[in-house]
Amino acid sequence: VYVDFLELLLSYPWFFIKGHFIKDRTPVLRKTEERLMEVLDATRGNVMITHSCRTIFYCVIEALLDEAEARTGVRKIRVCTASLHFGSFYKLFQSMQKNGSCEIEFYEIDLKQSDWTLDQELIREEQVKSCDLIMCQNIFGTPFRQEKFFELGKKYNIPILEDLVQSGSLFGSYKGHANSDIVMWSCGLDKIPSCFG
């Protein structure tokens with residue numbers, strides 16, 4: 001869907017082989033640090049780097065659950081999101097609920113069957129208003145149009161978490177929506193080829 005087989009063969013093995021045989025990683029780390037500094041400059045310095053994007057996600061959800069418990073006495077939140085997801089967020093939600101310490105509900109919006117874009121006509125403002133988090137995921141290696149989520153999140157002061165791993169490459173121009181409160185990037189060869197790992 002994202003690249004042809006030849007492009008896949010030429011991209012990933014090169015990075016794997018190059019990474020395996022580099023003995024002195026200092027220049028690579030320096031170049032990575034320079035790239036991160038460019039991202040820091042673009043995002044005004046509000047960045048957290050962890051081993052796993054799931055760590056950041058877990059901390060965000062735990063903070064929202066704690067806040068809900070302080071407000072209502074129950075560790076329960078409601079998440080507004082598109083119905084199609086890539087990644088391990090649902091698995092993390094499930095594991096958090098399985099230990100019995102919280103409850104997480106979803107308000108999900110389907111995609112249009114004709115073009116696989118978010119069916120923004122299905123978004124009900126009253127439903128969104130009752131949510132504790134709006135989770136925006138980009139899919140198919142390109143920024144995903146979900147403007148109504150961003151507008152309603154700001155209107156009702158609902159935190160907006162945007163996952164950018166499938167919004168294209170770090171080398172692309174899209175660095176997250178201006179209304180996003182939290183923007184997450186994650187790396188690895190398990191990502192779609194258009195993200196270049």
Shortest non-hydrogen contact from [X] toward [Y]:
X	Y	result
R71	D132	NH2-OD1, 3.2 Å
I160	G153	CD1-CA, 3.9 Å
M96	S101	O-OG, 3.7 Å

The ring pair (Phe, Tyr, Trp, His ring centres under 6.0 Å) partners of F106 (sequence neighbours excluded) come to Y90, F93
| field | Partner set under ring pair (Phe, Tyr, Trp, His ring centres under 6.0 Å) for Y58, not counting sequence neighbours | value |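 Counting only residues at least two positions away or on another chain, Y58 forms no ring pair (Phe, Tyr, Trp, His ring centres under 6.0 Å).
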Who are the side chain to side chain contact (heavy atoms under 4.5 Å, CB included) partners of [X], not counting sequence neighbours?
X	answer
I123	I109, L118, Q120, V128, K148, F149, L152
K76	V74, E103, E105
T117	K112, D115

Value rounded to 0.5 Å, distance of [atom1] in [X] from [atom2] in [Y]:
X	Y	atom1	atom2	answer
E34	K31	CD	NZ	8.5 Å
Y107	R124	OH	CZ	6.0 Å
L133	I104	CG	CD1	9.5 Å
N179	E147	CG	CD	8.0 Å
M184	Q137	CE	CD	7.5 Å
L122	L111	CG	CG	10.0 Å

Under 3.5 Å donor-acceptor pairs involving side-chain atoms of residues 61-68, not counting sequence neighbours:
residue	atom	partner	partner atom	Å
E62	OE1	R75	NH2	2.9
E62	OE2	R75	NH2	3.3
D66	OD1	R75	NH1	2.5

Where the side chain of Q146 meets the backbone of C136, is there a donor-acceptor pair that is under 3.5 Å apart? no
* Do other residues, nucleotides or ligands put more than 12 heavy atoms under 6.0 Å from E33 CD? ->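 At most 12 heavy atoms, drawn from other residues, nucleotides or ligands, come within 6.0 Å of this atom.
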Review point. Do the side chains of L161 and F57 get nearer than 4.5 Å, heavy atoms only?
Key: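 Side chain of F57 against side chain of L161, heavy atoms only: contact under 4.5 Å found.
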**Message:** Measuring only between side-chain heavy atoms, which start at C-beta, is Q97 closer than 4.5 Å to C102?
**Reply:** yes
